[in-house]
Structures are given as structure tokens and as C-alpha cells.
Visitor: 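First the structure, which I've put down as C-alpha cells, then a few questions once you've had a look.
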Amino acid sequence: MSNVFIKRIYEPYDEMDGCRILVDRLWPRGISKDAAKLSFWFKEVAPSNELRKSFCHVPELFEEFRTKYLVELRTDNEKGDLVKKILELAEEDRVTLLYGAKEPIYNHAQVLMEELRHKRQEAGS
């Protein structure tokens, strides 16, 4: 996925970010809407509240969380439509997926990126 990147929303804005999409269900603390410089807020693509709360960013629970979130992304029509929209946007411009979690590896944005790669491979790109 050469045109999609992941970045913590607390990192400084960069013009090279391209289309900035917040993929968290909740607005990140301490970030103003102006400072966020968002193109979109796709909160519906984030994990369900139940799944988010059960994971609670505990690395030992990540594999179970990952599996369940991939199921959500593949079976929830609204989430699936937003995955397609991200891929469409990435065909036109650089896309940066923004998340608020402190953990850079064990977070839902990584799983979303995995699903984007999967969908792109399925499409034959």
C-alpha cells in the first residue's frame, strides 16, 4: 500500500500527509479540530465499542482483537463501504490514517491497514 500511511494524530501536521482521515471512534483528547486538519473522520470504520472496550490496548489481547476486528471489517456493510472509500481516495492521492492510541503496533489502525492490503490484493492491484 504505497499510497496509504499510518500516523498518530498527535504527531505534527505535514503537507505530505495528503488526505488525512481520522479512523478513531472517539475524538482524541487535547486535539482541536483546527489542529487536526482532517479531510475526513471515518469513525464508523473503527472497531465497535464492545470490541474496543474488550481490547483496551492490552498487547496480550491483540491477536484476538485483530481477528474480531477483521471480521467486523468484512461483515459490516458500513465498515466495508468505508474501506472501499479509503482505497478509492488512495488511488487519487496520498492517504494518512490517523489514530490516537499511544501504542504504535498494537492498535486498530494497523489492522485496518492489513485489511486495506487484503482488499487491494483481492482486486488484483
Side-chain angles (χ1 to χ4, degrees):
M1 296 280 312
S2 61
N3 220 21
V4 180
F5 300 85
I6 300 174
K7 182 176 181 177
R8 193 161 183 251
I9 195 163
Y10 297 99
E11 294 177 38
Y13 167 79
D14 187 327
E15 284 184 23
M16 295 299 294
D17 289 342
C19 179
R20 291 170 52 92
I21 304 172
L22 178 61
V23 294
D24 281 357
R25 183 166 298 281
L26 304 175
W27 187 263
R29 287 188 183 142
I31 297 288
S32 71
K33 296 208 191 283
D34 286 340
K37 296 186 189 283
L38 295 182
S39 304
F40 299 98
W41 181 11
F42 288 172
K43 58 183 157 186
E44 297 84 6
V45 81
S48 65
N49 280 323
E50 299 79 22
L51 184 55
R52 180 181 59 81
K53 289 176 184 176
S54 71
F55 172 45
C56 203
H57 299 282
V58 176
E60 295 79 19
L61 300 176
F62 183 72
E63 275 309 310
E64 180 181 356
F65 165 79
R66 178 188 160 275
T67 300
K68 289 179 178 179
Y69 183 37
L70 285 171
V71 168
E72 283 188 2
L73 288 168
R74 294 174 184 173
T75 59
D76 181 288
N77 290 336
E78 190 170 17
K79 286 181 183 4
D81 289 345
L82 290 171
V83 167
K84 288 177 192 168
K85 179 70 175 170
I86 292 167
L87 290 170
E88 289 169 8
L89 291 166
E91 288 177 14
E92 303 297 321
D93 191 10
R94 178 181 171 121
V95 171
T96 300
L97 304 176
L98 301 165
Y99 68 93
K102 290 180 183 174
E103 172 55 57
I105 305 291
Y106 303 108
N107 69 61
H108 74 283
Q110 295 290 346
V111 181
L112 177 55
M113 181 67 109
E114 178 183 344
E115 180 63 4
L116 291 166
R117 286 188 193 104
H118 172 76
K119 290 294 185 193
R120 174 134 318 145
Q121 283 180 334
E122 260 185 6
S125 297

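This chain uses plain numbering: 1 for the first residue, then up along the sequence.
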Visitor: Who passes salt bridge (Lys or Arg N to Asp or Glu O under 4.0 Å) against E103, sequence neighbours left out?
Guide: none

Visitor: So, do N107 and Q110 sit near enough that their side-chain heavy atoms are less than 4.5 Å apart?
Guide: yes

Visitor: Go through it in stages, so that I can follow the logic: the residues are R52 and L26, the test is side-chain contact (heavy atoms from CB on, under 4.5 Å), and I'd like the CA-CA distance, side-chain angles, deciding distance and then a yes or no.
Guide: CA-CA 11 Å; R52 180 181 59 81; L26 304 175; 3.6 Å; yes

Visitor: Can any side-chain N or O of D17 pair as donor or acceptor with the backbone N or O of R20 at less than 3.5 Å?
Guide: no

Visitor: Enter the distance from F5:CZ to M113:CE here, rounded to the nearest 0.5 Å.
Guide: 7.5 Å

Visitor: Does I21 reach the side chain of V45, with side-chain heavy atoms less than 4.5 Å apart?
Guide: no

Visitor: Hey, does K7 have a side-chain heavy atom less than 4.5 Å from the side chain of D14?
Guide: yes

Visitor: Could you check if a side-chain atom of F65 sits within less than 4.5 angstrom of a side-chain atom of V58, using non-hydrogen atoms only?
Guide: no

Visitor: So do the side chains of L87 and V95 get within less than 4.5 Å of each other, counting heavy atoms only?
Guide: no

Visitor: If you round to the nearest 0.5 Å, how far is CG of L70 from OG1 of T75?
Guide: 10.5 Å

Visitor: Start with the C-alpha distance between Y10 and R29, add both sets of side-chain angles, then the distance that settles side-chain contact (heavy atoms from CB on, under 4.5 Å), and finish with yes or no.
Guide: CA-CA 10 Å; Y10 297 99; R29 287 188 183 142; 4.2 Å; yes

Visitor: Under a plain distance cut-off of 3.5 Å, with no hydrogens placed, do H118 and E114 share a side-chain donor-acceptor pair?
Guide: no

Visitor: Taking the side chain as C-beta and beyond, is there a heavy-atom pair between L38 and K33 under 4.5 Å?
Guide: no

Visitor: State, to 0.1 Å, how close I6 and A109 come at their nearest heavy-atom pair, and which atoms those are.
Guide: CD1-O, 3.5 Å

Visitor: Could I get the full list of salt bridge (Lys or Arg N to Asp or Glu O under 4.0 Å) partners for D24, not counting sequence neighbours?
Guide: none

Visitor: Are P104 and Y99 packed together at the side-chain level, in the sense that at least one heavy-atom pair is separated by less than 4.5 angstrom?
Guide: yes

Visitor: How far apart are the closest heavy atoms of I105 and F62, and which atoms are they?
Guide: O-CZ, 4.1 Å

Visitor: To the closest 0.5 Å, what do you measure between OG1 (T96) and CG (N3)?
Guide: 9.0 Å

Visitor: Tell me if the CG atom of N49 is crowded by more than 12 foreign heavy atoms within 6.0 Å.
Guide: yes

Visitor: Determine, using the 4.5 Å side-chain heavy-atom cutoff (strictly less than), whether L98 and V4 are members of one ILVMFWY cluster.
Guide: no

Visitor: Grouping I, L, V, M, F, W and Y whenever their side-chain heavy atoms are under 4.5 Å apart, do L97 and F55 come out in a common cluster?
Guide: yes

Visitor: Indicate yes or no: does E72 engage K68 in a salt bridge with an N to O separation below 4.0 Å.
Guide: no

Visitor: Within the side chain of H108, is there an N or O that forms a donor-acceptor pair under 3.5 Å with the backbone of V23?
Guide: yes

Visitor: If every non-hydrogen atom of R120 is compared with every non-hydrogen atom of A90, which pair is closest and at what distance?
Guide: NH2-CB, 4.0 Å

Visitor: Looking only at heavy atoms, which two atoms of S39 and G18 are closest? And how far apart?
Guide: OG-O, 4.3 Å

Visitor: Is it the case that the side chain of R25 and the backbone of P47 share a donor-acceptor pair, with hydrogens and angles ignored and the cut-off at 3.5 Å?
Guide: yes

Visitor: Does I86 belong to the same Ile/Leu/Val/Met/Phe/Trp/Tyr cluster as W41, with side-chain heavy atoms less than 4.5 Å apart forming each link?
Guide: no

Visitor: Check step by step if side-chain contact (heavy atoms from CB on, under 4.5 Å) holds for L22 and W27.
Guide: CA-CA 9 Å; L22 178 61; W27 187 263; 3.7 Å; yes

Visitor: Give, for atom OH of Y69 and atom CZ of R74, the distance between the pair rounded to the nearest 0.5 Å.
Guide: 11.5 Å

Visitor: Can you name the closest pair of heavy atoms from V83 and L112 and give their distance?
Guide: CG2-CD1, 4.0 Å

Visitor: Quick check: do L61 and Y106 have side-chain heavy atoms less than 4.5 Å from each other?
Guide: no

Visitor: Search all heavy atoms of C19 against all heavy atoms of L89 and return the closest pair with its distance.
Guide: SG-CD1, 4.1 Å

Visitor: Calculate, to the nearest 0.5 Å, the distance between atoms CD and CZ belonging to E15 and R94 respectively.
Guide: 12.0 Å

